[in-house]
Amino acid sequence: MKTSLRTHTCGELTANNIGEKVTLCGWIQKIRKLGGMTFIDLRDRYGITQLAFNAETNPDLCKQIEPFGREWVIQVTGTVAERYSKNKNIPTGDIEILAEKITVLNESLTPPFTIEDESDGGDELRMKFRYLDLRRNPVKNNLLFRHKLGIAIRNYMNNIGFVEIETPMLVNSTPEGARDFVVPSRLSHGEFYALPQSPQTFKQLLMVSGFDRYFQIVKCFRDEDLRADRQPEFTQIDCEMSFITQEDILQTFEGLIKYIFKEIKGIDIEPIERITWHDAMKYYGSDKPDARFGMRFVELNNVLQHKDFKVFNEAELVVGIVAKGCAHYSRKQLDELTNFVKRPQVGATGLVYIQCQEDGHFKSSVDKFYDQNDLQAVAKECGAEAGDLILIMAGPRMKTQTQLCQLRLEMGSRLGLRKAGEYKLLWVVDFPLLEWDEETQRYYAMHHPFTAPKPEHEAMLESDPGHVNANAYDLVINGTEVGGGSIRIHDKELQKRMFKALGFTEEEAQKQFGFLMNAFQYGAPPHGGLAFGFDRMCSVLCDADTIRDFIAFPKNNAARDMMLGAPTPISDAQLKELGLK
RNA sequence: GGGCCGGUAGUUCAGUUUGGUUAGAAUACAUGCCUGUCACGCAUGGGGUCGCGAGUUCGAGCCUCGUCCGGCCCGCCA
């Protein structure tokens, strides 16, 4: 790293360099004054090197460093020497620099929080001073990880013939899907660009153009509410292929995922298990199950709907899970679980439990309605053994599945079954093509309107649209949706029928997606693809709770950049120029 | 649109349940002492609009209402 200002970095000098004359540049991490001796820890991206100053042999230099403070930027020239007492905790701990000449490159205010691995600064403050936060190892290492992952992906994709092509950031707004961020046009007053939610239509056009293997690591924008794992601008690894079937896509990207795990984590992963959307919902109550642990749903309608317990009898679905070895749960613990599912976020009306006690006796919150034989039958159906706790919920099918899913995840966490460092990957396949929306009384594309129905279901597009399955798939890791894609429609007529099923008039479809359907008339190849969430991939691979940790300058809860203060009002002059005033 | 948690020194927090003299701790910062530290040590010191506004009260960091800000979640996110 030799440049005009330095001969080495602060992370590379070792005992091998003893006696060499070196020049280092960096930030002052810490000053330790011991009277005659003063030590300065000098930090840069690469590490920390100790500088030593002796008042007896070099009084002038000691005088010079008197006013120095944390985070000043200095250049130091000196000789590498072996330490009297070594520091085994850092790579450069065997040596120090006997300083001979110091140049102050820049002074610094005292930072508002400590620049250490365990900083004293809270999230809010660190976001406001993100450039200081990024000096800290944990955050810096996250960005280095992200870089490494990006490079690995580009290498792999390049090696198997994928071409990276950039697509526009100023596109047009469409009503389907997420809300768009819009950009007013100065040259065409009253008209707006939209920032892309994904390069979806462009990558399909690139297939028409003959780039049969395309990818792009690309920013996408969605104006929706944020979460720990959702930012308004985020990065996708966007991919598309021609002349393929779903199987080709799953194989190709299983290869990529396998390579990533090996290259980045040093882990050999098992072949990725596949589960249909239907089974995922049935056994986990979720289209993105955390399959690190079992605790699968067991449907109990047949076993429990023969007595006069109204709640169960009137329910569309009665379903339970088995918590291994939890029969000993106290009244308080069971109440806690009941309160958990009753919280507005889960919204259940109640929770029924059966304790399978060690003595073979069953104790339950519905003892009034079910005798020991009934409870035994439930235990048998669930595969519960003595010492286990059965948790049962009932109600409308979809709603109950979602609620029990949350309880399952909660139990998984409580029992330590969601282990960091353990990775369970799933392809969730055979998603429904369409989803009925009660509010607007129409079908919406579950994935997007360019997704192809399964060929054998194509005929039902008009007669029974709700039961058409799609050639669509998601990659799920530990309960996080890391990517998803589909085989696309490449036929103009089928695309027209799809828009019709979605309630578009022919004019609307032509107006919004005419460019795509027109392109399909000029030799569109069969094609399909998928996109991975790059930020999420980083966070999942590092067992982090939030993708913010892997974004250099993230937005807060309210989609604000706390450092810039963005968004901000603009001047009247700008508004006028844009035709907005 | 909704639920929950938080806002007190530069910073991280305690104090709020049960209103009552001068609001504490740690850390950071400053000064002094200290020649082998590396979480250096010791001593001293400065540092507060208790987010903001209104209300209740003899009296509010503490109670009530409103509001702003931050975080997590539901809705939303093809």
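Residue numbers begin at 1 in each chain, while the letters A, B, ... track the order of the sequences. Computed over heavy atoms, backbone and side chain alike; hydrogens, waters and symmetry mates excluded.
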Using a heavy-atom cut-off of 4.0 Å across all strands, would you classify [X] as base, sugar-phosphate, or nothing?
| X | result |
| --- | --- |
| A/Leu125 | sugar-phosphate |
| A/Met562 | sugar-phosphate |
| A/Thr174 | nothing |
| A/Pro449 | base |

Residue whose nearest RNA chain B nucleotide is more 5′ - A/Ala445 or A/Pro112: A/Pro112
Along RNA chain B (nearest heavy atom to each residue), the more 5'-positioned of A/Thr402 and A/Lys555: A/Lys555
Whom does [N] pair with, Watson-Crick or G-U wobble, provided both distances fall under 3.5 Å?
| N | value |
| --- | --- |
| B/C42 | B/G32 |
| B/A14 | none |
| B/C72 | B/G3 |

Measure from the side-chain heavy atoms of [X] and tell me the nearest of [options].
| X | options | answer |
| --- | --- | --- |
| A/Pro344 | B/C76, B/G3, B/A28 | B/G3 |
| A/Arg227 | B/C77, B/U11, B/C74 | B/C74 |
| A/Asn556 | B/G3, B/G70, B/C40 | B/G70 |
| A/Arg70 | B/G10, B/C72, B/C29 | B/C29 |
| A/Lys30 | B/G70, B/C72, B/A28 | B/A28 |

Residue pair A/Ile48, A/Leu42: steps toward the side-chain contact (heavy atoms from CB on, under 4.5 Å) verdict: CA-CA 5 Å; A/Ile48 284 179; A/Leu42 192 67; over 6 Å; no
Under 4.0 Å protein heavy-atom contact, by nucleotide of nucleotides 32-38 of chain B - B base, S sugar-phosphate only: --BBBBB
Matching residue for A/Lys496 among A/Glu462, A/Glu506, A/Glu508 - test: salt bridge (charged side-chain N to carboxylate O under 4.0 Å, His left out): A/Glu506
Parallel, tilted or perpendicular: ring planes of A/Phe504 versus A/Phe499, cut at 30 and 60 degrees: tilted
Ring geometry between A/Phe431 and A/Trp277 (parallel below 30°, tilted from 30 to 60°, perpendicular above 60°): tilted
Short N-O contact, A/Arg230 and A/Glu224, less than 4.0 angstrom: no
Under 4.0 angstrom between A/Asn557 side-chain N/O and B/G71 OP1 or OP2: yes
Residue-phosphate contact under 4.0 Å: A/Arg548 side-chain N/O, B/G71 OP1/OP2: yes
Under 3.5 Å donor-acceptor pair, A/Arg222 side-chain atoms to B/C76 base atoms: no
Presence of donor-acceptor pair under 3.5 Å, side chain of A/Gln345 and base of B/C74: no
Value in whole Å for how far the P atom of B/C69 lies from NZ of A/Lys128: 13 Å
Partners passing salt bridge (Lys or Arg N to Asp or Glu O under 4.0 Å) against A/Arg70 (at least two apart in sequence or in another chain): none
Separation of the P atoms in B/C13 and B/U22, to the nearest angstrom: 28 Å
Interatomic distance at C1', B/G59 relative to B/G75, whole Å: 45 Å
A/Phe534 and A/Phe550 aromatic centres sub-6.0 Å: no
side-chain hydrogen bond (donor to acceptor under 3.5 Å, both in side chains) contacts in which one or both residues fall within residues 401-412 of chain A, not counting sequence neighbours: A/Glu410-A/Arg414
